[in-house]
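Source: prediction; values computed, not measured. For this chain, numbers begin at 1 and follow the sequence in order.
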Amino acid sequence: MAESDWDTVTVLRKKGPTAAQAKSKQAITTAQRRGEEVQTSKKWAAGQNKQHLVTKNTAKLDRETEELHHDRVPLEVGKVIQQGRQEKGLTQKDLATKINEKPQVIADYECGRAIPNNQVMGKIERAIGLKLRGKDIGQPLEPKTKKK
């Protein structure tokens, strides 16, 4: 052990700066002082969420005054459904079971919250026997005769 020379140091390689250190303002100014070549480039939309960029078209849509929304079932139709159901002595749940729909669907139609669906409207019309579509809403539904 006495033969070891503790004063001599051999450096195999020197670690360069990490990526974060190389990008720091201090590292850039140090490199510029030494006369080293420093290359900087601005990345477009770096660090932004590109899904939510505001474009000209989006701003144009925001300025649009017309409200775009789905049409709902008129309250008049809801009242007709409710009266027809009560005349037959059915609850919302009974009517829903009869037409193979959820009770919430019937509640939505009666309150005017539902988006009209012709298939569901047809089922309700046949179940309560009243017209819900067209100009004579609330009139009795005429049974269709089958042609031979």
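In terms of heavy atoms, Ile115 sits closest to Tyr109 at O-OH, 3.6 Å.
Judged as a salt bridge (Lys or Arg N to Asp or Glu O under 4.0 Å), and not counting sequence neighbours, the contacts of Arg34 are Glu36. Listed by chain and residue number, Leu90 satisfy the side-chain contact (heavy atoms from CB on, under 4.5 Å) test with Lys88 (two or more places apart in sequence, or in another chain). In this view, Val80 and Leu130, Leu132, Ile137 satisfy the side-chain contact (heavy atoms from CB on, under 4.5 Å) rule, not counting sequence neighbours.
For residues 92-114, the salt bridge (charged side-chain N to carboxylate O under 4.0 Å, His left out) pairs, not counting sequence neighbours, are Arg85-Glu110, Glu101-Lys123, Asp108-Arg113. Evaluation of the salt bridge (charged side-chain N to carboxylate O under 4.0 Å, His left out) test over residues 128-140, restricted to residues two or more places apart or in two chains, returns Glu125-Arg133.
For the atom pair CD1 of Ile106 and SG of Cys111, the computed distance is 11.5 Å after rounding to the nearest 0.5 Å. The distance from the CG atom of Asn117 to the CD1 atom of Ile124 is 9.5 Å, given to the nearest 0.5 Å. Here Ile81 contributes atom CD1 and Glu76 contributes atom CD; the two are 11.0 Å apart, rounded to the nearest 0.5 Å.
Inter-residue side-chain proximity for Ile99 and Val105 is flagged as unmet; no heavy-atom pair is nearer than 4.5 Å.
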